[in-house]
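This report concerns only the one structure given below.
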Amino acid sequence: MDYQSIINEIAQEVSPLLVSGKVADYIPALAGVNPNQFAMTLTLFDGTQFSVGQADKLFSIQSISKVFTFTLALKFYRSALYQRIGIEPSGNSFNSIVQLEYEHGKPRNPFINAGAINITDSLINYYGADEHATEEILEFIRLLADDGSIDRDCVVALSEMEHGFRNLSLANLMKSFDNLDNPVEDVVNTYFRHCAIEMNTKMLSRAMLYLANDGLDPITGIKHISESQSKRINAVMLTCGHYDASGEFAFNVGLPGKSGVGGGIVAVVPNLMSISVWSPGLNENGNSLAGTKALELFTTKTGLSIF
Ligand code: GLU
């Protein structure tokens, strides 16, 4: 298949959508991003990449980082992790406090904010200190992407903390239910630091390859997680990866994936490739407008989906 022509065509087709999305504006550091940008990268198992658009431009990966922290926590705690968090779609907004109260401080899944904050807490337990956990999460992402240059944007992380009232509330609520071990500020700070990691579509697409290949990086040969753990992460991406539009994404795209408010989306074609798209203008559900459409066009044009 001529992947390069296909993604060139997609970039053309989504270009009218770039100005229709709305850039995340809950913190000034993200509100200033120019919406008129698009990139898409496919990575095959031999490392061949096909890119279109601004594939070298770094952006804030935000909630996509939750895939990597979930991976680490699952690797360390295995099924014991599910004592702290569930695996059901929330059917509520990704930062709902009401649901967490009803469900006694146990977050629905690892991708809503409460779940990801809880996972960060488990990683601080494992690594022993919040700064250490931040560094280890970053190191893990560098290993997955095979790129030591990946770093976080400290301005974004600080700005998140200054405006982080709701996430601090979620963490406090979990703490009140005895489902958070470390000091609230340390956990939320660490959570914001991993959300503030910057990558481009080439790096992200490369980093996700292990989830297309049963937990094994096909290029380095490193077995990051078991086949069963990889299956579970893909399942949670399919059912919970796109905020309140996860059903719609499964319906229109048909691939496991995860999006972030920075406008990035990653997706996995099992046994074949991983994909990353980026366009900062978001739709009403907080997913990249042009990015979601690009993935839908990709699976339509290629017939590659899990269904
Ligand atoms: N740092 C963001 C928050 O917790 C994550 C946003 C996202 O990508 O969902 O508000």
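This is a predicted model, so every value here is computed, not measured. Position 1 is the first residue of the sequence, and the numbers go up from there. First listed ligand is number 1; within each ligand, the first listed atom is number 1.
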> Can you list the steps and then say if Arg206 with Asp217 is a salt bridge (charged side-chain N to carboxylate O under 4.0 Å, His left out)?
Replying inline: CA-CA 9 Å; Arg206 167 68 185 89; Asp217 185 321; 2.9 Å; yes

>> Walk me through whether Arg193 and Glu131 qualify under salt bridge (charged side-chain N to carboxylate O under 4.0 Å, His left out).
In response: CA-CA 10 Å; Arg193 288 189 205 118; Glu131 264 301 337; 3.7 Å; yes

>> Run Ser20 and Leu289 through side chain to side chain contact (heavy atoms under 4.5 Å, CB included) and show every step you take.
In response: CA-CA 8 Å; Ser20 317; Leu289 179 69; 3.7 Å; yes

> Relative to the ring of Tyr77, is the ring of Tyr126 parallel (under 30°), tilted (30 to 60°) or perpendicular (over 60°)?
Replying inline: perpendicular

> Is Lys293 close enough and on-axis enough to Phe249, meaning under 6.0 Å and within 45°, for cation-pi?
Replying inline: no

Could you list each nitrogen or oxygen of ligand 1 that sits under 3.5 Å from a protein nitrogen or oxygen, with the atom names and the distance?
from     : atom 1 : to     : atom 2 : distance (Å)
ligand 1 : 1 (N)  : Gln62  : OE1    : 2.7
ligand 1 : 1 (N)  : Glu160 : OE1    : 3.4
ligand 1 : 1 (N)  : Glu160 : OE2    : 3.1
ligand 1 : 4 (O)  : Asn113 : ND2    : 3.0
ligand 1 : 4 (O)  : Asn167 : ND2    : 3.0
ligand 1 : 4 (O)  : Tyr191 : OH     : 2.6
ligand 1 : 8 (O)  : Ser63  : N      : 3.0
ligand 1 : 8 (O)  : Ser63  : OG     : 2.8
ligand 1 : 8 (O)  : Tyr243 : OH     : 3.0
ligand 1 : 8 (O)  : Val261 : N      : 2.9
ligand 1 : 9 (O)  : Ser63  : OG     : 2.4
ligand 1 : 9 (O)  : Tyr243 : OH     : 2.5

>> Any salt bridge linking Arg84 with Asp121? Criterion: basic side-chain nitrogen under 4.0 Å from a carboxylate oxygen.
In response: yes

